[in-house]
Enquirer: 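Quick one: this structure, given as C-alpha coordinates, is what I'll be asking you about.
In each ligand, atom 1 is the first atom listed, and ligand 1 is the first ligand listed.
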Amino acid sequence: MNEQSRPESPGSTDADVAAVSERDVDVATHRVVDADGSVVDPEAVPDLADDRFLDLYRWMVLQRTFDERATKLQRRGLLGTYASGQGQEASIIGSAFALTDDDWIFPYGREAGALLMHGLSMRDLLLYWRGVEDASRMEGANVFGFAISIGSHIPVATGKAWGQKLDGSDAVSFVNLGDGATSTGAFHEGINFAGVLGVPAVFFTQNNQYAISMPFEEQTAADTVAQKAIAYGMDGIRVDGNDVLAVYNAVATARERALAGEPVLIEAVTYRRAAHTTSDDPTRYREDEEVEEWERRDPVERYRSFLADRGLLEAVDEEAIREEVSELFDEAVAAADAYPERDVAELFRYVHAEPTPELERQLEEFRDLLDRRPEMHDHIEHRPKG
Ligand SMILES: Cc1ncc(C[n+]2csc(CCOP(=O)(O)OP(=O)(O)O)c2C)c(N)n1
(Lines give C-alpha, C1' and ligand atoms only; values in the text may rest on other atoms or scores of the structure.)
Protein backbone atom coordinates (compact mmCIF):
# COMPACT_ATOMS: atom_id res chain seq x y z
CA MET A 1 0.00 0.00 0.00
CA ASN A 2 1.49 3.38 -0.94
CA GLU A 3 1.23 6.62 1.00
CA GLN A 4 -1.55 8.03 -1.19
CA SER A 5 -4.00 5.19 -0.59
CA ARG A 6 -3.87 5.57 3.21
CA PRO A 7 -6.89 7.26 4.81
CA GLU A 8 -6.05 10.74 6.02
CA SER A 9 -7.65 10.38 9.38
CA PRO A 10 -8.30 6.76 10.25
CA GLY A 11 -11.17 6.22 12.66
CA SER A 12 -12.99 9.51 12.13
CA THR A 13 -16.32 9.59 10.32
CA ASP A 14 -19.48 11.65 10.25
CA ALA A 15 -21.68 8.72 9.33
CA ASP A 16 -24.21 7.72 11.97
CA VAL A 17 -23.73 3.96 12.29
CA ALA A 18 -26.42 2.32 14.37
CA ALA A 19 -25.18 -0.20 16.94
CA VAL A 20 -26.98 -2.65 19.14
CA SER A 21 -25.83 -2.07 22.68
CA GLU A 22 -26.39 -3.86 25.94
CA ARG A 23 -28.55 -0.95 27.03
CA ASP A 24 -31.09 -2.22 24.49
CA VAL A 25 -31.47 -5.39 26.53
CA ASP A 26 -33.70 -5.27 29.55
CA VAL A 27 -32.99 -8.36 31.61
CA ALA A 28 -35.56 -8.89 34.37
CA THR A 29 -34.64 -10.86 37.50
CA HIS A 30 -37.34 -13.36 38.43
CA ARG A 31 -38.33 -13.62 42.07
CA VAL A 32 -41.15 -15.40 43.90
CA VAL A 33 -40.22 -14.67 47.53
CA ASP A 34 -38.69 -11.37 48.63
CA ALA A 35 -35.54 -11.04 50.72
CA ASP A 36 -37.73 -10.61 53.83
CA GLY A 37 -39.60 -13.82 53.07
CA SER A 38 -42.87 -12.42 51.73
CA VAL A 39 -44.34 -13.74 48.50
CA VAL A 40 -44.00 -11.10 45.77
CA ASP A 41 -45.75 -13.08 43.07
CA PRO A 42 -48.42 -15.50 44.39
CA GLU A 43 -49.15 -16.73 40.85
CA ALA A 44 -45.56 -17.88 40.53
CA VAL A 45 -45.50 -20.11 43.62
CA PRO A 46 -44.92 -23.58 42.15
CA ASP A 47 -47.73 -26.05 42.37
CA LEU A 48 -46.05 -28.50 44.75
CA ALA A 49 -47.58 -30.71 47.44
CA ASP A 50 -46.77 -29.74 51.03
CA ASP A 51 -44.37 -32.63 51.53
CA ARG A 52 -42.45 -31.52 48.42
CA PHE A 53 -42.13 -28.00 49.86
CA LEU A 54 -40.77 -29.61 53.03
CA ASP A 55 -38.40 -31.86 51.06
CA LEU A 56 -36.97 -28.80 49.40
CA TYR A 57 -36.17 -27.38 52.82
CA ARG A 58 -34.64 -30.63 54.01
CA TRP A 59 -32.27 -30.67 51.03
CA MET A 60 -31.23 -27.08 51.64
CA VAL A 61 -30.39 -27.90 55.26
CA LEU A 62 -28.58 -31.02 54.08
CA GLN A 63 -26.45 -28.93 51.72
CA ARG A 64 -25.58 -26.51 54.51
CA THR A 65 -24.83 -29.20 57.06
CA PHE A 66 -22.74 -31.22 54.61
CA ASP A 67 -20.71 -28.11 53.75
CA GLU A 68 -20.08 -27.37 57.43
CA ARG A 69 -19.04 -30.92 58.23
CA ALA A 70 -16.85 -31.31 55.13
CA THR A 71 -15.06 -28.02 55.83
CA LYS A 72 -14.30 -29.16 59.39
CA LEU A 73 -13.12 -32.54 58.14
CA GLN A 74 -10.69 -30.81 55.81
CA ARG A 75 -9.41 -28.68 58.71
CA ARG A 76 -8.59 -31.89 60.57
CA GLY A 77 -6.49 -33.01 57.60
CA LEU A 78 -9.00 -35.67 56.53
CA LEU A 79 -9.95 -34.19 53.14
CA GLY A 80 -7.56 -32.82 50.53
CA THR A 81 -9.58 -29.66 49.92
CA TYR A 82 -13.26 -28.70 49.82
CA ALA A 83 -15.38 -26.16 47.93
CA SER A 84 -18.38 -25.06 49.97
CA GLY A 85 -21.71 -23.92 48.53
CA GLN A 86 -22.57 -21.83 51.59
CA GLY A 87 -24.87 -19.01 50.53
CA GLN A 88 -25.78 -20.79 47.28
CA GLU A 89 -28.16 -23.39 48.74
CA ALA A 90 -31.22 -22.04 46.92
CA SER A 91 -29.43 -22.16 43.57
CA ILE A 92 -27.93 -25.59 44.15
CA ILE A 93 -31.03 -27.27 45.55
CA GLY A 94 -33.76 -25.38 43.67
CA SER A 95 -32.17 -26.33 40.36
CA ALA A 96 -31.55 -29.98 41.25
CA PHE A 97 -35.14 -30.29 42.48
CA ALA A 98 -36.40 -29.55 38.97
CA LEU A 99 -34.39 -32.41 37.43
CA THR A 100 -35.08 -36.14 37.16
CA ASP A 101 -32.66 -38.98 37.90
CA ASP A 102 -32.53 -39.64 34.14
CA ASP A 103 -31.11 -36.20 33.42
CA TRP A 104 -27.34 -35.85 33.33
CA ILE A 105 -25.66 -33.41 35.70
CA PHE A 106 -22.34 -31.82 34.78
CA PRO A 107 -21.06 -30.54 38.13
CA TYR A 108 -18.56 -27.83 38.91
CA GLY A 109 -17.86 -28.53 42.56
CA ARG A 110 -20.14 -26.80 45.04
CA GLU A 111 -23.32 -28.80 44.49
CA ALA A 112 -22.97 -31.66 47.01
CA GLY A 113 -26.71 -31.69 47.78
CA ALA A 114 -27.66 -31.84 44.10
CA LEU A 115 -25.47 -34.88 43.49
CA LEU A 116 -26.64 -36.67 46.63
CA MET A 117 -30.26 -35.93 45.65
CA HIS A 118 -29.70 -37.66 42.31
CA GLY A 119 -28.04 -40.81 43.57
CA LEU A 120 -24.36 -40.22 44.33
CA SER A 121 -23.24 -41.77 47.62
CA MET A 122 -21.89 -39.53 50.36
CA ARG A 123 -18.92 -41.86 50.72
CA ASP A 124 -17.93 -41.35 47.10
CA LEU A 125 -18.31 -37.60 47.38
CA LEU A 126 -15.91 -37.61 50.34
CA LEU A 127 -13.53 -39.94 48.53
CA TYR A 128 -13.50 -37.51 45.63
CA TRP A 129 -12.40 -34.67 47.93
CA ARG A 130 -9.75 -37.01 49.33
CA GLY A 131 -8.29 -37.24 45.86
CA VAL A 132 -9.36 -40.83 45.17
CA GLU A 133 -9.51 -41.19 41.39
CA ASP A 134 -12.00 -44.06 41.59
CA ALA A 135 -14.61 -41.67 42.96
CA SER A 136 -14.65 -39.67 39.73
CA ARG A 137 -16.61 -42.54 38.20
CA MET A 138 -19.62 -41.12 40.10
CA GLU A 139 -21.10 -44.57 40.34
CA GLY A 140 -24.87 -44.99 40.62
CA ALA A 141 -25.72 -41.50 39.39
CA ASN A 142 -25.99 -39.72 36.05
CA VAL A 143 -23.24 -37.35 37.08
CA PHE A 144 -20.22 -36.44 35.02
CA GLY A 145 -16.81 -35.81 36.66
CA PHE A 146 -16.23 -32.43 38.35
CA ALA A 147 -15.06 -29.72 35.94
CA ILE A 148 -11.92 -28.72 37.79
CA SER A 149 -10.61 -27.23 34.57
CA ILE A 150 -13.09 -24.35 34.56
CA GLY A 151 -15.66 -24.48 31.77
CA SER A 152 -14.25 -27.70 30.28
CA HIS A 153 -17.52 -29.57 30.90
CA ILE A 154 -19.62 -27.19 28.79
CA PRO A 155 -18.73 -28.55 25.32
CA VAL A 156 -18.86 -32.09 26.73
CA ALA A 157 -22.38 -31.48 28.04
CA THR A 158 -23.40 -30.15 24.64
CA GLY A 159 -22.09 -33.38 23.13
CA LYS A 160 -23.99 -35.48 25.65
CA ALA A 161 -27.15 -33.47 24.98
CA TRP A 162 -26.69 -33.98 21.25
CA GLY A 163 -26.54 -37.73 21.93
CA GLN A 164 -29.71 -37.47 24.02
CA LYS A 165 -31.41 -35.72 21.13
CA LEU A 166 -30.28 -38.33 18.58
CA ASP A 167 -31.46 -41.11 20.91
CA GLY A 168 -34.88 -39.48 21.26
CA SER A 169 -34.34 -39.41 25.03
CA ASP A 170 -36.64 -37.42 27.29
CA ALA A 171 -33.76 -36.40 29.55
CA VAL A 172 -31.65 -33.25 29.48
CA SER A 173 -28.04 -32.38 30.19
CA PHE A 174 -27.85 -29.92 33.05
CA VAL A 175 -24.64 -27.94 33.47
CA ASN A 176 -23.66 -26.18 36.67
CA LEU A 177 -21.11 -23.48 36.08
CA GLY A 178 -19.77 -20.39 37.80
CA ASP A 179 -19.70 -16.83 36.50
CA GLY A 180 -15.95 -17.22 35.95
CA ALA A 181 -16.60 -20.10 33.56
CA THR A 182 -18.57 -17.77 31.28
CA SER A 183 -15.28 -16.04 30.41
CA THR A 184 -13.65 -19.19 29.05
CA GLY A 185 -13.35 -20.17 25.41
CA ALA A 186 -15.02 -23.48 26.21
CA PHE A 187 -18.18 -21.60 27.27
CA HIS A 188 -18.38 -19.91 23.88
CA GLU A 189 -17.73 -23.09 21.92
CA GLY A 190 -20.05 -25.27 23.96
CA ILE A 191 -22.98 -22.87 24.17
CA ASN A 192 -22.68 -21.78 20.57
CA PHE A 193 -22.86 -25.36 19.37
CA ALA A 194 -25.77 -26.12 21.70
CA GLY A 195 -27.71 -23.26 20.09
CA VAL A 196 -26.83 -24.39 16.58
CA LEU A 197 -27.83 -28.00 17.22
CA GLY A 198 -30.90 -27.24 19.34
CA VAL A 199 -29.90 -29.77 21.98
CA PRO A 200 -31.71 -30.50 25.26
CA ALA A 201 -29.23 -28.69 27.51
CA VAL A 202 -29.68 -26.26 30.38
CA PHE A 203 -26.67 -24.12 31.25
CA PHE A 204 -27.11 -22.99 34.83
CA THR A 205 -24.69 -20.26 35.84
CA GLN A 206 -24.38 -19.63 39.54
CA ASN A 207 -23.22 -16.05 39.54
CA ASN A 208 -21.80 -15.98 43.06
CA GLN A 209 -20.05 -12.65 42.33
CA TYR A 210 -16.50 -14.02 42.39
CA ALA A 211 -14.12 -16.25 40.49
CA ILE A 212 -11.76 -16.86 43.41
CA SER A 213 -10.67 -13.24 44.13
CA MET A 214 -11.90 -11.78 40.82
CA PRO A 215 -15.17 -9.83 41.20
CA PHE A 216 -17.80 -10.31 38.52
CA GLU A 217 -17.51 -6.69 37.31
CA GLU A 218 -13.81 -7.15 36.62
CA GLN A 219 -14.01 -10.35 34.61
CA THR A 220 -16.68 -9.22 32.15
CA ALA A 221 -17.90 -5.85 30.88
CA ALA A 222 -21.39 -7.32 30.39
CA ASP A 223 -24.02 -6.30 32.95
CA THR A 224 -25.48 -9.78 33.17
CA VAL A 225 -24.67 -13.37 32.22
CA ALA A 226 -28.22 -14.00 31.01
CA GLN A 227 -27.94 -11.52 28.13
CA LYS A 228 -25.08 -13.54 26.65
CA ALA A 229 -27.69 -16.12 25.59
CA ILE A 230 -28.98 -13.79 22.90
CA ALA A 231 -25.73 -13.95 20.97
CA TYR A 232 -26.08 -17.73 20.79
CA GLY A 233 -29.65 -17.62 19.54
CA MET A 234 -31.08 -19.02 22.74
CA ASP A 235 -33.20 -17.83 25.63
CA GLY A 236 -31.61 -16.36 28.74
CA ILE A 237 -33.28 -16.34 32.14
CA ARG A 238 -32.06 -14.26 35.08
CA VAL A 239 -33.30 -15.33 38.46
CA ASP A 240 -32.74 -14.41 42.10
CA GLY A 241 -30.42 -17.26 43.05
CA ASN A 242 -31.27 -16.94 46.76
CA ASP A 243 -34.95 -17.59 46.09
CA VAL A 244 -35.30 -21.36 45.91
CA LEU A 245 -38.80 -21.28 44.39
CA ALA A 246 -37.78 -18.84 41.66
CA VAL A 247 -34.78 -21.03 40.84
CA TYR A 248 -37.00 -24.11 40.72
CA ASN A 249 -39.40 -22.34 38.32
CA ALA A 250 -36.57 -21.15 36.11
CA VAL A 251 -34.99 -24.59 35.76
CA ALA A 252 -38.32 -26.40 35.34
CA THR A 253 -39.22 -23.96 32.54
CA ALA A 254 -35.79 -24.19 30.93
CA ARG A 255 -35.86 -27.98 31.11
CA GLU A 256 -39.13 -28.11 29.18
CA ARG A 257 -37.85 -25.70 26.55
CA ALA A 258 -34.63 -27.66 26.24
CA LEU A 259 -36.58 -30.86 25.62
CA ALA A 260 -38.44 -29.03 22.85
CA GLY A 261 -35.09 -28.31 21.18
CA GLU A 262 -34.35 -24.92 22.73
CA PRO A 263 -31.38 -24.92 25.08
CA VAL A 264 -31.45 -22.21 27.75
CA LEU A 265 -28.81 -20.20 29.60
CA ILE A 266 -29.80 -19.31 33.17
CA GLU A 267 -28.08 -16.85 35.47
CA ALA A 268 -28.83 -17.35 39.17
CA VAL A 269 -27.69 -14.27 41.08
CA THR A 270 -26.27 -15.40 44.40
CA TYR A 271 -23.23 -15.07 46.65
CA ARG A 272 -20.42 -17.33 47.77
CA ARG A 273 -20.27 -16.72 51.52
CA ALA A 274 -17.50 -19.18 52.30
CA ALA A 275 -13.94 -19.09 51.02
CA HIS A 276 -13.42 -20.15 47.41
CA THR A 277 -12.07 -23.44 48.76
CA THR A 278 -10.44 -24.39 52.03
CA SER A 279 -7.16 -23.14 50.50
CA ASP A 280 -8.40 -19.56 50.16
CA ASP A 281 -8.59 -16.54 52.50
CA PRO A 282 -11.36 -14.24 51.22
CA THR A 283 -10.64 -11.52 53.81
CA ARG A 284 -7.75 -10.53 51.53
CA TYR A 285 -10.02 -9.38 48.73
CA ARG A 286 -13.48 -8.51 50.05
CA GLU A 287 -15.01 -6.47 52.84
CA ASP A 288 -16.87 -7.94 55.83
CA GLU A 289 -19.78 -5.54 55.19
CA GLU A 290 -20.38 -7.13 51.81
CA VAL A 291 -20.49 -10.62 53.32
CA GLU A 292 -22.79 -9.40 56.10
CA GLU A 293 -25.13 -7.84 53.58
CA TRP A 294 -25.51 -11.18 51.81
CA GLU A 295 -25.95 -12.97 55.14
CA ARG A 296 -29.07 -10.87 55.55
CA ARG A 297 -30.30 -12.35 52.26
CA ASP A 298 -29.77 -15.89 53.52
CA PRO A 299 -31.57 -18.34 51.21
CA VAL A 300 -32.40 -20.86 53.94
CA GLU A 301 -33.90 -18.20 56.23
CA ARG A 302 -35.87 -16.77 53.33
CA TYR A 303 -37.40 -20.12 52.54
CA ARG A 304 -38.17 -20.71 56.23
CA SER A 305 -40.22 -17.50 56.19
CA PHE A 306 -42.12 -18.78 53.18
CA LEU A 307 -42.85 -22.07 54.97
CA ALA A 308 -43.98 -20.16 58.06
CA ASP A 309 -46.36 -18.04 55.95
CA ARG A 310 -47.82 -21.20 54.50
CA GLY A 311 -48.27 -22.76 57.92
CA LEU A 312 -45.75 -25.49 57.17
CA LEU A 313 -43.03 -24.57 59.62
CA GLU A 314 -44.50 -26.61 62.49
CA ALA A 315 -43.80 -29.69 60.38
CA VAL A 316 -40.09 -28.84 60.27
CA ASP A 317 -37.68 -30.09 62.91
CA GLU A 318 -34.47 -28.43 61.83
CA GLU A 319 -32.39 -30.00 64.60
CA ALA A 320 -33.61 -33.46 63.61
CA ILE A 321 -32.64 -32.84 59.96
CA ARG A 322 -29.19 -31.66 60.99
CA GLU A 323 -28.71 -34.67 63.25
CA GLU A 324 -29.86 -37.07 60.56
CA VAL A 325 -27.45 -35.53 58.04
CA SER A 326 -24.63 -35.62 60.59
CA GLU A 327 -25.23 -39.31 61.22
CA LEU A 328 -25.15 -40.00 57.48
CA PHE A 329 -21.98 -37.97 57.30
CA ASP A 330 -20.32 -39.97 60.10
CA GLU A 331 -21.25 -43.21 58.35
CA ALA A 332 -19.87 -41.88 55.06
CA VAL A 333 -16.56 -40.92 56.73
CA ALA A 334 -16.30 -44.42 58.22
CA ALA A 335 -17.02 -45.97 54.81
CA ALA A 336 -14.40 -43.70 53.18
CA ASP A 337 -11.87 -44.70 55.86
CA ALA A 338 -12.57 -48.36 55.06
CA TYR A 339 -11.90 -47.82 51.36
CA PRO A 340 -8.93 -49.91 50.20
CA GLU A 341 -5.48 -48.36 50.24
CA ARG A 342 -4.64 -46.88 46.87
CA ASP A 343 -1.79 -47.66 44.56
CA VAL A 344 0.01 -45.16 42.30
CA ALA A 345 -1.41 -47.03 39.30
CA GLU A 346 -4.69 -45.25 40.05
CA LEU A 347 -3.19 -42.03 38.71
CA PHE A 348 -2.92 -43.60 35.27
CA ARG A 349 -6.00 -45.80 35.25
CA TYR A 350 -8.67 -43.41 34.02
CA VAL A 351 -6.81 -41.53 31.32
CA HIS A 352 -8.00 -43.94 28.60
CA ALA A 353 -10.28 -47.00 28.63
CA GLU A 354 -7.17 -49.08 27.84
CA PRO A 355 -3.77 -47.75 28.93
CA THR A 356 -1.54 -46.73 26.04
CA PRO A 357 2.04 -48.11 25.83
CA GLU A 358 3.33 -44.64 26.75
CA LEU A 359 1.21 -44.56 29.92
CA GLU A 360 2.40 -48.07 30.84
CA ARG A 361 5.97 -46.85 30.41
CA GLN A 362 5.35 -43.79 32.61
CA LEU A 363 3.82 -45.95 35.32
CA GLU A 364 6.86 -48.27 35.25
CA GLU A 365 9.15 -45.25 35.46
CA PHE A 366 7.20 -43.94 38.44
CA ARG A 367 7.34 -47.31 40.22
CA ASP A 368 11.05 -47.50 39.51
CA LEU A 369 11.54 -44.02 41.01
CA LEU A 370 9.67 -45.06 44.16
CA ASP A 371 11.86 -48.18 44.43
CA ARG A 372 15.01 -46.14 44.11
CA ARG A 373 13.87 -43.32 46.39
CA PRO A 374 11.60 -44.88 49.02
CA GLU A 375 11.40 -41.58 50.94
CA MET A 376 9.12 -40.33 48.14
CA HIS A 377 6.45 -42.67 49.47
CA ASP A 378 6.16 -40.32 52.42
CA HIS A 379 4.83 -37.57 50.19
CA ILE A 380 2.16 -39.88 48.82
CA GLU A 381 1.21 -41.35 52.17
CA HIS A 382 0.95 -37.94 53.81
CA ARG A 383 -2.23 -37.46 51.84
CA PRO A 384 -5.38 -38.70 53.56
CA LYS A 385 -5.94 -42.38 53.04
CA GLY A 386 -8.88 -43.24 50.79
C1 LIG B 1 -9.17 -23.39 32.94
C2 LIG B 1 -8.91 -23.01 34.36
N3 LIG B 1 -8.38 -21.81 34.64
C4 LIG B 1 -8.15 -21.44 35.92
C5 LIG B 1 -8.44 -22.30 36.94
C6 LIG B 1 -8.21 -21.88 38.39
N7 LIG B 1 -9.52 -21.66 39.00
C8 LIG B 1 -10.08 -22.58 39.81
S9 LIG B 1 -11.59 -22.12 40.33
C10 LIG B 1 -11.50 -20.66 39.50
C11 LIG B 1 -12.61 -19.65 39.56
C12 LIG B 1 -13.91 -20.21 39.15
O13 LIG B 1 -14.88 -19.23 39.32
P14 LIG B 1 -16.37 -19.46 38.91
O15 LIG B 1 -16.46 -20.13 37.59
O16 LIG B 1 -17.06 -18.16 39.05
O17 LIG B 1 -16.92 -20.50 39.99
P18 LIG B 1 -16.91 -20.35 41.58
O19 LIG B 1 -15.66 -21.04 42.04
O20 LIG B 1 -16.95 -18.91 41.92
O21 LIG B 1 -18.12 -21.05 42.07
C22 LIG B 1 -10.29 -20.55 38.82
C23 LIG B 1 -9.89 -19.37 38.02
C24 LIG B 1 -8.98 -23.56 36.61
N25 LIG B 1 -9.31 -24.45 37.55
N26 LIG B 1 -9.21 -23.90 35.32
Enquirer: Going by the atom numbers of ligand 1, which of them fall below 4.0 Å from some non-hydrogen atom of Gly180?
Expert: 14 (P), 15 (O), 16 (O)
Enquirer: Looking at Glu365, Glu360, Glu358, which hits side-chain hydrogen bond (donor to acceptor under 3.5 Å, both in side chains) with Gln362?
Expert: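 For Gln362, the side-chain hydrogen bond (donor to acceptor under 3.5 Å, both in side chains) check succeeds only for Glu358.
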Enquirer: What is the closest protein heavy atom to atom 15 (O) of ligand 1, and at what distance does it sit?
Expert: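 The closest one turns out to be Ala181 N, 3.0 Å.
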Enquirer: Less than 4.5 Å apart, side chain to side chain, heavy atoms only: is that true for Leu126 and Arg130?
Expert: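 No - every pair of side-chain heavy atoms lies 4.5 Å or more apart.
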Enquirer: Could you tell me the residue and atom name of the protein heavy atom closest to atom 24 (C) of ligand 1, and the distance to it rounded to 0.1 Å?
Expert: Ile150 CG1, 3.4 Å
Enquirer: Look at Arg349 together with Asp134 and state whether they make a salt bridge at an N to O cut-off of under 4.0 Å.
Expert: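 The answer is yes: the pair qualifies as a salt bridge.
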Enquirer: Which ligand 1 atoms, with their elements, are less than 4.0 angstrom from a heavy-atom of Gly178?
Expert: 14 (P), 15 (O), 16 (O), 17 (O)
Enquirer: Does Asp179 reach the main-chain N or O of Asn208 with its side chain, forming a donor-acceptor pair under 3.5 Å?
Expert: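 At least one qualifying donor-acceptor pair exists.
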Enquirer: Please check whether Ser149 reaches ligand 1 - meaning an N/O of the residue sits under 3.5 Å from an N/O of the ligand, judged on distance alone.
Expert: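 The answer is no, given that Ser149 and ligand 1 share no N or O pair closer than 3.5 Å.
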Enquirer: Side chains of residues 144-156: which donor-acceptor partners sit under 3.5 Å, not counting sequence neighbours?
Expert:
| residue | atom | partner | partner atom | Å |
| --- | --- | --- | --- | --- |
| Ser152 | OG | Ser149 | O | 2.6 |
| His153 | NE2 | Asn176 | O | 2.7 |

Enquirer: Working note: Arg64 + Arg322, criterion side chain to side chain contact (heavy atoms under 4.5 Å, CB included); need CA distance, chi angles, decisive distance, verdict.
Expert: CA-CA 9 Å; Arg64 184 156 288 183; Arg322 283 180 164 273; 4.1 Å; yes
Enquirer: What about Ala211: any of its N or O atoms under 3.5 Å from an N or O on ligand 1?
Expert: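 For ligand 1, there is no N or O atom that lies under 3.5 Å from one belonging to Ala211.
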Enquirer: Contact between Val132 and Glu346 at the side-chain level, heavy atoms closer than 4.5 Å - yes or no?
Expert: yes
Enquirer: Output yes when the distance from some N or O of ligand 1 to some N or O of Ile212 is under 3.5 Å, and no in every other case.
Expert: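 Between Ile212 and ligand 1, no N or O pair is found under 3.5 Å apart.
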Enquirer: Under 4.0 Å, heavy atoms only, figure out whether ligand 1 is touched by the backbone of His276, its side chain, both or neither.
Expert: side chain
Enquirer: Decide whether an N or O pair under 3.5 Å exists between Gln88 and ligand 1.
Expert: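 No; every N/O pair is 3.5 Å or more apart.
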Enquirer: Among all protein heavy atoms in this structure, tell me which lies nearest to atom 20 (O) of ligand 1, with the distance rounded to 0.1 Å.
Expert: Tyr210 O, 2.7 Å
Enquirer: Report yes or no: does Arg272 have a heavy atom closer than 4.0 Å to ligand 1?
Expert: no
Enquirer: Tyr108 heavy atoms, cut-off 4.0 Å: which ligand 1 atoms fall inside?
Expert: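 Those of ligand 1 that fall under 4.0 Å from Tyr108 are 17 (O), 18 (P), 21 (O).
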Enquirer: Counting only non-hydrogen atoms of the protein, does one fall under 4.0 Å from atom 6 (C) of ligand 1?
Expert: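 Within 4.0 Å: no protein heavy atom nearby.
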Enquirer: Could you list the atoms of ligand 1 found under 4.0 angstrom from a heavy atom of Arg110?
Expert: 18 (P), 19 (O), 21 (O)
Enquirer: Tell me the contacting part of Asn208 for ligand 1: side chain, backbone, both, or neither, using a 4.0 Å heavy-atom threshold, strictly below.
Expert: side chain
Enquirer: Over 60° means perpendicular and under 30° means parallel, so tell me whether Phe306 and Phe53 are parallel, tilted or perpendicular.
Expert: tilted
Enquirer: Which atoms of ligand 1 sit under 4.0 Å from any heavy atom of Ile148?
Expert: 24 (C), 25 (N), 26 (N)
Enquirer: Should the pair Arg286 and Tyr210 be classed as cation-pi, given the thresholds of under 6.0 Å to the six-membered ring centre and 45° from the axis?
Expert: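 Output yes; distance and angle both within limits.
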Enquirer: Decide, yes or no, whether a salt bridge links Asp343 with Arg367 under the criterion of side-chain N to carboxylate O below 4.0 Å.
Expert: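 Salt bridge present between Asp343 and Arg367.
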